[in-house]
K.L.:
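I have a structure here, written as structure tokens, and I will follow up with some questions on it.
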Amino acid sequence: MKSVINRSEWRSHMADGVTSVSLLPEHIRVDAQMRDRVCASYPMFINRFFLSLIKKAEDPLWRQVVPDAMELDDDLPEDDPLAEEEQSAVPGLIHRYPDRVVFLVSGICPVLCRFCLRKRMAGKGPVLSDADIENAVCYIRSARAIREVILSGGDPLMLEDDRLCDILKRVSSIPHVRTIRIHSRVPVALPQRITGDLVSILRRFHPLYLNIHANHPNEITARAAEACAMLADAGIPLGSQTVLLKGVNDSFETMEALLMELLHIRVRPYYLHHPDPVKGTGHFRVPVTKGLEIMRRLQGRLPGVAIPRYMLDLPGGGGKVPLCPGYVEQDKNGMLVVRNYQGQRFYYPSG
Ligand SMILES: *Cc1c(COP(=O)(O)O)cnc(C)c1O
Ligand code: SF4
């Protein structure tokens with residue numbers, strides 16, 4: 001049975017959010033003073049719902065949101081390694097690929113993830129003024145090659161309904177924009193925000209796609225399932241993005257559990273991102289070989305629809321490329337030597 005959704009429940013989870021380690025409940029509070037020093041450079045925020053999912057200190061959810069002294073002490077020099085600022089046509093609009101743009105419509109997040117790609121601005125206030133929004137919309141209108149607008153941030157679903165609706169209206173009225181995509185952590189990190197009112201706004205803007213950001217099976221709660229069911233029932237195709245993170249999901253078993261949970265709640269895994277080398281996130285880094293090994297074990301052991309592509313985002317704004325474990329070992333005398341998921345060798349004519 002579906003529970004009755006209290007319309008303002010999400011607001012109280014946000015209002016009661018935790019902004020420093022010293023204010024964490026005692027059973028998950030560790031090294032508060034040392035960790036709180038980090039907050040001066042990189043703010044902390046955990047809404048009350050997400051906080052309730054953390055079982056103990058250093059568990060995979062805790063690691064994603066509780067500051068770590070290592071954030072101030074890594075050897076990654078760049079806070080914008082993907083050159084997002086350089087590729088911003090106008091403030092808040094990243095135009096890297098000819099046919100699509102990322103529109104940073106919100107500066108608010110349901111939680112502040114310590115590994116965020118946009119750590120340079122996460123939690124540091126609203127990114128765009130009304131004039132910036134207008135300016136970005138004008139740019140999209142004038143750039144006829146743009147076929148898709150991706151709303152990101154921050155988290156677009158943290159905007160108030162009327163503001164989000166207004167942006168969706170303006171973007172969708174541009175004739176060459178064929179699809180809109182939303183990237184959001186809200187369906188798992190603050191599922192109460194997915195209200196009937198919000199869903200009825202979103203469904204007016206089809207074809208609208210939504211990718212949820214989820215990193216660990218413990219994030220796939222009954223509430224998240226309910227939120228995704230509302231979105232899927234409104235005809236919104238749901239995908240997922242996951243960041244491969246040390247100590248969070250860098251094992252086959254955890255990844256398998258996450259992907260199967262996502263599939264079960266009607267979310268089609270889309271990308272597994274190799275972590276970007278963003279200053280302050282070095283302690284989450286995983287070797288590419290580890291990611292490839294996980295991908296190799298997924299193929300053949302999970303339904304194909306549960307398997308995302310493993311993506312590397314190239315430095316300097318070169319764009320994303322998929323990484324795939326090598327299955328073809330050599331090409332000898334016109335024969336490919338191919339290994340299957342069990343590691344057995346097969347010969348296959350290459351021509
Ligand atoms: C990831 C990204 C996109 C979208 O890429 P897809 O492969 O279409 O998901 C678009 N623009 C920028 C700047 C991105 O980082
Ligand atoms: S919700 Fe997204 S934008 Fe916000 S801190 Fe987490 S990863 Fe970054």
Side-chain angles (χ1 to χ4, degrees), residues 14 17 42-47 50 61 63-67 71 79-89 92-127 140 143 145-159 178-190 193 209-216 219 237 239-245 248 268-276 278 280-281 284 308-322:
M14 284 300 283
Y42 304 116
M44 167 180 175
F45 182 75
I46 312 172
N47 76 64
F50 197 87
L61 269 54
R63 284 177 199 273
Q64 291 184 58
V65 293
V66 175
E71 292 174 41
D79 62 6
D80 181 20
L82 306 183
E84 293 193 329
E85 307 282 342
E86 210 177 296
Q87 292 181 336
S88 291
L93 198 71
I94 311 166
H95 196 180
R96 172 173 302 152
Y97 299 102
D99 76 331
R100 51 212 193 276
V101 283
V102 174
F103 192 178
L104 306 178
V105 293
S106 162
I108 305 166
C109 295
V111 290
L112 289 175
C113 311
R114 310 316 298 177
F115 51 84
C116 182
L117 157 69
R118 308 208 172 100
K119 201 171 169 81
R120 64 184 186 278
M121 50 204 207
K124 297 179 182 169
V127 269
I140 299 169
I146 296 173
R147 293 187 285 202
E148 187 195 41
V149 174
I150 301 165
L151 303 186
S152 185
D155 200 308
L157 299 186
M158 292 309 299
L159 294 176
R178 309 280 324 268
T179 55
I180 296 176
R181 196 184 338 167
I182 293 179
H183 281 178
S184 174
R185 198 139 167 60
V186 157
V188 297
L190 187 60
R193 170 68 186 104
Y209 289 74
L210 201 156
N211 274 352
I212 73 169
H213 171 176
N215 299 319
H216 191 276
E219 293 170 35
S240 70
Q241 308 208 89
T242 297
V243 186
L244 180 63
L245 298 165
V248 174
R268 165 78 167 91
Y270 177 60
Y271 281 167
L272 170 63
H273 295 279
H274 190 72
D276 296 307
V278 174
T281 67
F284 287 110
R309 268 175 298 162
Y310 178 37
M311 305 301 286
L312 196 65
D313 219 331
L314 297 173
K320 296 182 182 72
V321 290

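Whatever order the structure lists ligands and atoms in, that order sets their numbers, starting from 1. Given the structure is predicted, the values throughout are model-derived calculations rather than measurements.
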K.L.:
What pair of heavy atoms forms the shortest contact from Ile212 to Leu210, and how long is it?
P.N.:
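Residues Ile212 and Leu210, closest heavy atoms: CG2-CD2, 3.6 Å.
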
K.L.:
To which of Arg185, Gln241, Met158 does the heavy atom nearest atom 1 (S) of ligand 2 belong?
P.N.:
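It is Arg185 whose heavy atom sits nearest to atom 1 (S) of ligand 2.
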
K.L.:
Of all the heavy-atom pairs spanning Val111 and Ala189, show the shortest one and how long it is.
P.N.:
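Taking Val111 first and Ala189 second, the nearest heavy atoms are CG2-CB, 4.3 Å.
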
K.L.:
Using 2.8 Å as the threshold, say whether any N, O or S atom from Cys116 sits that close to atom 6 (Fe) of ligand 2.
P.N.:
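No - counting backbone and side chain alike, Cys116 has no N, O or S atom under 2.8 Å.
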
K.L.:
Would you say His213 contacts ligand 2, with heavy atoms under 4.0 Å as the rule?
P.N.:
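The answer is yes: ligand 2 sits under 4.0 Å from a heavy atom of His213.
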
K.L.:
Checking contacts here: is it the side chain or the backbone of Ile150 that comes within 4.0 Å of ligand 1, counting heavy atoms only? Could be both or neither.
P.N.:
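It is the side chain that touches ligand 1; the backbone stays farther off.
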
K.L.:
Please list the nearest protein heavy atom to atom 6 (Fe) of ligand 2 with its residue and the distance rounded to 0.1 Å.
P.N.:
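Checked against all protein heavy atoms, atom 6 (Fe) of ligand 2 sits closest to Cys113 SG, 2.4 Å.
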
K.L.:
Testing the 3.5 Å rule here: is there a donor-acceptor pair between the side chains of His213 and Asn211?
P.N.:
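No pair is found: no donor N or O on one side chain lies under 3.5 Å from an acceptor on the other.
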
K.L.:
Which of the numbered atoms in ligand 1 are below 4.0 angstrom from a heavy atom of Ile94?
P.N.:
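So the atoms of ligand 1 that pass are 13 (C).
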
K.L.:
For ligand 1, which part of Lys320 has a heavy atom less than 4.0 Å away: the side chain, the backbone, both, or neither?
P.N.:
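Near ligand 1, Lys320 shows its side chain, while the N, CA, C and O stay back.
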
K.L.:
Which heavy atom of Leu104 sits nearest a heavy atom of Ile94, and at what distance?
P.N.:
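Shortest heavy-atom contact: CD1-CD1, 4.1 Å.
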
K.L.:
Out of Phe103, Tyr97, Tyr271, Tyr209, who is nearest to atom 7 (O) of ligand 1 when you count heavy atoms only?
P.N.:
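The nearest heavy atom belongs to Tyr271.
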
K.L.:
Closest heavy-atom contact between Pro110 and Val186?
P.N.:
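Closest approach of Pro110 to Val186, heavy atoms only: CG-CG2, 4.1 Å.
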
K.L.:
Closest approach of Val66 and Arg114, non-hydrogen atoms and distance?
P.N.:
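Smallest heavy-atom distance, with atoms named: O-CG, 3.6 Å.
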
K.L.:
Are any side-chain N or O atoms of Glu85 and backbone N or O atoms of Asp80, one a donor and one an acceptor, separated by less than 3.5 Å?
P.N.:
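The answer is no, because no donor-acceptor pair under 3.5 Å joins these two groups.
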
K.L.:
Using a 3.5 Å distance criterion without hydrogens, assess whether the side chain of Arg118 forms a donor-acceptor pair with backbone atoms of Glu84.
P.N.:
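Flag not set: sc Arg118 to bb Glu84 has no pair under 3.5 Å.
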
K.L.:
Tyr270 heavy atoms, cut-off 4.0 Å: which ligand 1 atoms fall inside?
P.N.:
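Within the 4.0 Å cut-off of Tyr270, ligand 1 contributes 6 (P), 7 (O), 8 (O), 9 (O).
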
K.L.:
Are Arg181 and ligand 1 in contact, using a heavy-atom cut-off of under 4.0 Å?
P.N.:
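True for this residue.
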
K.L.:
Has Tyr209 got more than 12 heavy atoms of other residues, nucleotides or ligands less than 6.0 Å from its OH?
P.N.:
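Not more than 12 within 6.0 Å, no.
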
K.L.:
With backbone taken as N, CA, C and O and side chain as the heavy atoms from C-beta onward, which portion of Arg100 lies under 4.0 Å from ligand 1: side chain, backbone, both, or neither?
P.N.:
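For Arg100, the contact with ligand 1 is made by the side chain alone.
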
K.L.:
Would Glu148 count as being in polar contact with ligand 1, using the rule that some N or O on each side must be under 3.5 angstrom apart?
P.N.:
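Between Glu148 and ligand 1, no N or O pair is found under 3.5 Å apart.
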
K.L.:
Nearest to atom 12 (C) of ligand 1, what protein heavy atom do you find, and at what distance?
P.N.:
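Of the protein heavy atoms, Val102 CG2, 3.5 Å lies nearest.
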
K.L.:
How far is atom 4 (Fe) of ligand 2 from its nearest protein heavy atom, and which residue and atom name does that atom have?
P.N.:
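Going by distance alone, atom 4 (Fe) of ligand 2 is nearest to Cys109 SG, 2.3 Å.
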
